[in-house]
Amino acid sequence: MGPALRYLGSVCGRARGIFPGGFSAARTPASGKSRLLCQGGRRASTSSFDIVIIGGGIVGLASARALILRHPALSIGVLEKEKDLAVHQTGHNSGVIHSGIYYKPESLKAKLCVQGAALIYEYCNQKGISYKQCGKLIVAVEQEEIPRLQALYERGLQNGVQGLRLIQQEDIKKKEPYCRGLMAIDCPYTGIVDYRQVALSFAKDFQEAGGSILTSFEVEDIEMARESPSRSKDGMKYPIVIRNTKGEEVQCQYVVTCAGLYSDRISELSGCNPNPRIVPFRGDYLVLKPEKRYLVKGNIYPVPDSRFPFLGVHFTPRMDGNIWLGPNAVLAFKREGYRPFDFSARDIMDIIIKSGLIKLVFQNFSYGVNEIYKACFLSATVKHLQKFIPEITISDILRRPGFDPWVGKIPWRRKWQSTPGLLPGKSHGQRSLVGTGHGVTKSRKQLS
């Protein structure tokens, strides 16, 4: 299959040049096994599309929405393996709207994070989606952290982050009365939102524009259609066949993969490079008791250490009024393992054999042991939290109900190496250092 498919890189950048218009109406669905969430105003077939997006999380739905709004003549479908949309990374994150301070200046990630924050506020205002622009303090509690804090402030200015200020102890108290620190970056543009609500709004926009969403469609194989007398027309027009675990098929001209925690595997199915591989880490959060929520007004973050791909334990307000404390980043034994003892033999073997995790562990052994220790013993996490808010005690916190934290994806190359400035910069639910497995697939024959 590999030689038959070609990776183009970005559907949006090439759409005008390679997607023809004026497609004829397609057939009605032949099978009702996979659930059709919607079928838009146009007669789009559930078995043949011009473009198929694999993945019904926020990235896939945003991609689908953007494509159909720019190219309304195309038939576009979204395939999601779960019965509902946005239930994994999109629905398991801290909900922070980051401002773009962390990324290397002039990098694409820096530009997208700054632009994305502005766009998400604008979109929420248009759609009436609740959010809180509660701000964030990045606080230095040790003298040795101040040079890193000042460098981060300069980086934020270069990235064009709005409203940044370096503030001293007295101003920290004005923003967060119970927080202690030597110096802090005041980032008022940071906010919080329910990203699943945003994703479902994207889905609604997509549906109303004529898009189709098929749930309970777990992709198992992607291949070129075999031409035959009975299917030669579809074989020429829709040369790519996507098959699910039930044996159902969808045909299309282009495939955009936005498969989140499975982006490397779906990329490989489409004939593309599976690297960097996904290594799942579970973020264990604690919750501040309701009667102690007054201790925290907005986001409070530590000064990040560029040696590690995590932002450290922090205080995060939620849209439901809760205050999350954490996370401790712990290796997960299953890609969608939201509980400590969730296990997948295949996922574990992939981590051991195909990723660069072993090298990472040896290079950062003490850091990893410390994260596991804090996850197991509340007193260790509380001791770290007290560096910022001394009034917090172990009796003020609870483990999250159901112990159901998010699982983030950390893509590692087989030969892992630290990359300066590579720090997470969206919500932690999208905890991705590198976008992977997102691309367009098309037959070589059509491209020639």
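This chain uses plain numbering: 1 for the first residue, then up along the sequence.
- Nearest heavy atom pair, residue Asp84 against residue Arg196, reads CB-NH2, 3.9 Å.
- For Cys179 against Ile389, the heavy-atom pair with the smallest separation is CA-CG1, 4.2 Å.
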side-chain hydrogen bond (donor to acceptor under 3.5 Å, both in side chains) assessment of Asp396 paired with Thr393: CA-CA 5 Å; Asp396 296 331; Thr393 66; 3.0 Å; yes
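- How far CZ of Arg165 is from CG of Leu137: 9.0 Å, rounded to the nearest 0.5 Å.
- Between the Glu82 side chain and the Val87 main chain, no donor and acceptor come within less than 3.5 Å of each other.
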Residue pair Lys173, Asp171: steps toward the salt bridge (Lys or Arg N to Asp or Glu O under 4.0 Å) verdict: CA-CA 5 Å; Lys173 290 291 184 183; Asp171 289 323; over 6 Å; no
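- To the nearest 0.5 Å, atom CG of residue Leu166 and atom CE of residue Met183 are 6.0 Å apart.
- Nearest heavy-atom pair across Asn159 and Ala110 is OD1-CB, 3.6 Å.
- The shortest heavy-atom contact between Leu61 and Gly56 is CD1-O, 3.5 Å.
- A donor-acceptor pair under 3.5 Å links the side-chain atoms of Glu145 to the main chain of Glu142, judged by distance alone.
- Across all non-hydrogen atoms, the minimal contact from Val256 to Leu67 is CG2-CD1, 4.4 Å.
- The two residues Gly95 and Arg318 make their nearest non-hydrogen contact at N-NH1, 3.7 Å.
- Residues Pro302 and Phe388 meet the side-chain proximity criterion, which asks for heavy atoms closer than 4.5 Å.
- A distance of 11.0 Å separates SG of Cys258 from CG of Leu79, quoted to the nearest 0.5 Å.
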Test side-chain hydrogen bond (donor to acceptor under 3.5 Å, both in side chains) applied to Ser75 and Asp50, step by step: CA-CA 5 Å; Ser75 60; Asp50 300 320; 3.1 Å; yes
Pair Phe341-Phe333, ring-ring contact (aromatic ring centres under 6.0 Å, His included): steps then yes or no: CA-CA 8 Å; Phe341 301 107; Phe333 301 118; 8.8 Å; no
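- Taken from SG in Cys113 to CD1 in Ile97, the straight-line distance is 10.5 Å, to the nearest 0.5 Å.
- The shortest side-chain heavy-atom distance between Val313 and Pro327 does not fall under the 4.5 Å cut-off.
- Under the 30°/60° scheme for interplanar angles, the aromatic rings of Tyr285 and Trp324 are found to be tilted.
- Ile392 places a side-chain heavy atom less than 4.5 Å from the side chain of Leu288.
- For Tyr301 and His98, the ring centers are positioned less than 6.0 Å apart.
- Interatomic distance, CG of Leu182 versus CG of Leu149, reported as 10.0 Å (0.5 Å rounding).
- Judged by the 6.0 Å and 45° rule, Arg335 forms a cation-pi pair with Tyr262.
- Remark: Phe315 CZ to Ser94 OG distance equals 14.0 Å, nearest 0.5 Å.
- Ring planes of Tyr121 and Tyr131: tilted class, angle from 30 to 60°.
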